[in-house]
S.K.: 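Input: one structure, supplied below.
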There are 2 protein chains.
Amino acid sequence: MAERKYHHGDLKNALRTAAAGLIAVHGVERVSLREISQAAGVSHAAAYRHFADKQALLADLAEDGFRQLAEINRRTTATTAGGPVEQLKACGRAYVRFGLERPKVLELMFSQAIPDWSAYPQLSQASAELAGTLASLVAAGQAAGLLRASPIGDVTLTAWSLVHGLTLLIVGRRIPVEDIDDAFVERMSHACVELLVHGIAVG
Amino acid sequence: MAERKYHHGDLKNALRTAAAGLIAVHGVERVSLREISQAAGVSHAAAYRHFADKQALLADLAEDGFRQLAEINRRTTATTAGGPVEQLKACGRAYVRFGLERPKVLELMFSQAIPDWSAYPQLSQASAELAGTLASLVAAGQAAGLLRASPIGDVTLTAWSLVHGLTLLIVGRRIPVEDIDDAFVERMSHACVELLVHGIAVG
DNA sequence: ACCTGAACACCGTTCAAGT
DNA sequence: ACCTGAACACCGTTCAAGT
C-alpha cells in the first residue's frame, strides 16, 4: 500500500526507520541524508522539517541505542540468578552480544559521528541511564560484600571499559585472530569477564 | 623559504605531514583530501600520484600510529622495573596517555575510517606488532608464575580490552563525569589497571 | 615522471515556491 | 503546516593536458 500523499503523516518516524536500515547495512560513515530521504520516499530537503540537521537524526538513533542497551541490562539483571556478580557478568556478555548483533549501532553510539553531545541532552541522559544500570549492580555487589570496596566509579568504569573495549576490538576486527565466529566470541567474552572478576594475576 | 618548484620533491611526506596536522586538529571525519592537498601546497589531484586514494593515505597514518604505540610499549617495558606485571601495568597506563595526547590518531586507528584492512597488509602487520608487545609481556608474566595460566590470548585480550575501552570512553567523553582532567585520568587509569590485575571481586 | 585544471557524480544545507 | 526544486558551496576521483 504505497502512499502518494503530499503530506507523509509520520515522516519523522519513516526517516528514523530508513536511516536505521541503511546504517545497519552500510554504517554511519557511508550513509547520506539524501539517500535516507529517498528511502523514506521524500525529497532530499524534507528531513529538515523534522530534524535540525543530519547529526540530529543520528543523535536520535544513538539515543535509542543507549536506551536499548540500558533495557537489556535491566532485563538481564532481572532474569539472572546468583546475585550481583553473576548479574554483572551476564550484562557484560550481553553487551558484547549487542555489539555483535548491531555493530553499526554501537559504532554510531560511540564514534565521532556526533562529536559534541552538549547539543543533545537526551543523548547524554540515555547514556547516563546505561551507566546507571552498571553502577547499581556494582553498588549491590559492594553492599553484599562481593565486590571490592573501591570507589564505585572506579569499579564501574573498569567493568564498563573491559566489555566496551572487547566489543569494539571484536566488531572492528582488530583482534589478530583468523576466524571470529559466534562460538569464539561467546567463549572470549566469558573468559574476559571471568578474568575481570578474579583478576589476571594469580590467586 | 617557499618552494615554487613544479616538482615538489617529497610530496608524499608533505601530504603525510599535512594530513597528520589537520587530523590532529579536526579529526579524521572532518578532513578532506582537498584541504590536505592545499595545505601541502599542491592541487587537489596531485595526491593521487602518491596514494591510491584518500583511504590509502589514512591507512598510512594509522599504520604509523600502531608502530608508535608498539614502540611506546617496548620502551615502557625496557624502562620499568619490577617484572612483567609492573611492566604490563605501565604499558596500560601509557596506552591511556597516548590516547589522551593523540586522540585523533587513536580514533583514526580504530574507527571505521578504514573499514576493511585487507587492502593494507602493512597496517595489519603494525597492529599485530602492537598486540605482540602485549602478548610477550603476558607470556613473561605467566612464565614467572605471576599471571594466571589461562590461554595467553585470553589474558592478553582482557588486558588490551580494558585499557582500550577505558581510553576510548575517556577521549570520547563518554564517561558521566563533569571534569575529566589529567589528574583524573592518571588516577583512573591507575585504579582500573590495579582492578584488572587483582580482580573486581573480593580477595 | 610529476602536477594541474576541468569535469563528473556526488554531498549537506538553505530558501523561495508549491500543495 | 509540510514538502519540493533549484541553488550554493562543498566533496572524492578521473583524465587529458601541461611542465
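Throughout, a chain's letter reflects where its sequence line sits, starting with A, and its residues are numbered from 1. All values reported here derive from a predicted model rather than from experimental measurement.
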S.K.: Determine yes or no for a side-chain-to-main-chain donor-acceptor pair under 3.5 angstrom, with B:Q38 supplying the side chain and B:S43 the backbone.
M.R.: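 No; zero donor-acceptor contacts below 3.5 Å.
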
S.K.: Could you check whether the rings of A:Y95 and A:F110 sit parallel, tilted or perpendicular, using 30° and 60° as the cut-offs?
M.R.: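 Because their plane-to-plane angle lies in the 30° to 60° range, the rings of A:Y95 and A:F110 count as tilted.
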
S.K.: Look at atom CG of A:D182 and say whether more than 12 heavy atoms of other residues, nucleotides or ligands are closer to it than 6.0 Å.
M.R.: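 Check fails, neighbour count at 12 or below.
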
S.K.: Enumerate the residues from residues 10-28 of chain B whose closest heavy atom to DNA chain C is under 4.0 Å, giving them by residue number; use none for an empty result.
M.R.: B:L11

S.K.: Rounded to the nearest 0.5 Å, what separation is found between the CZ atom of B:R16 and the CG atom of B:L61?
M.R.: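 B:R16 CZ to B:L61 CG: 8.0 Å, rounded to 0.5 Å.
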
S.K.: Please determine whether the number of non-hydrogen atoms from other residues, nucleotides or ligands lying under 6.0 Å from atom CD of B:Q122 exceeds 12.
M.R.: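 No, the 6.0 Å shell around CD holds no more than 12 heavy atoms from other groups.
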
S.K.: Among all residues two or more places apart in sequence or in another chain, which pass the side-chain contact (heavy atoms from CB on, under 4.5 Å) test with B:T133?
M.R.: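 Once residues adjacent in sequence are excluded, the partners of B:T133 under the side-chain contact (heavy atoms from CB on, under 4.5 Å) criterion are B:A70, B:N73, B:R74, B:L130.
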
S.K.: Taking the side chain from A:D179 and the backbone from A:D181, do they hold a donor-acceptor pair closer than 3.5 Å?
M.R.: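 Judged by distance alone, no pair lies under 3.5 Å.
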
S.K.: Taking only Watson-Crick and G-U wobble pairs with both distances under 3.5 Å, what dot-bracket line describes DNA chain D, where [ ] shows pairs that cross earlier ones and | shows pairs with another strand?
M.R.: ||.|||||...|||||.||

S.K.: Rounded to whole Å, please give me the gap between CZ in A:F51 and P in D:dC3.
M.R.: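 Those two atoms, CZ and P, are 12 Å apart.
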
S.K.: Going by the rule salt bridge (charged side-chain N to carboxylate O under 4.0 Å, His left out), which residues pair with B:E107 if we only count those two or more places apart in sequence or in a different chain?
M.R.: none

S.K.: To the nearest Å, how far apart are B:R49 CZ and D:dT13 P?
M.R.: 15 Å

S.K.: Using heavy atoms and a sub-4.0 Å distance, could you list which residues of residues 55-65 of chain A are near DNA chain D? By number, please.
M.R.: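 Nucleic-acid contacts, sorted: none.
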
S.K.: Of all the heavy-atom pairs spanning B:V31 and B:G27, show the shortest one and how long it is.
M.R.: CG2-O, 3.2 Å

S.K.: Could you grab the distance from atom OG of B:S32 to atom NE2 of B:H26, nearest 0.5 Å is fine?
M.R.: 10.5 Å

S.K.: To the nearest 0.5 Å, how far apart are NZ in A:K89 and NE2 in A:H190?
M.R.: 6.5 Å

S.K.: Give a yes or no on whether B:R75 atom CZ has more than 12 heavy-atom contacts from other residues, nucleotides or ligands under 6.0 Å away.
M.R.: no

S.K.: How would you summarise protein contacts on nucleotides 6-12 of chain D per nucleotide, using B for base, S for sugar-phosphate only and - for none, with heavy-atom distances below 4.0 Å?
M.R.: BB---BB

S.K.: How long is the gap from CG on A:L134 to CD on A:Q87, to the nearest 0.5 Å?
M.R.: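 Rounded to the nearest 0.5 Å, the CG-CD separation comes to 12.0 Å.
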
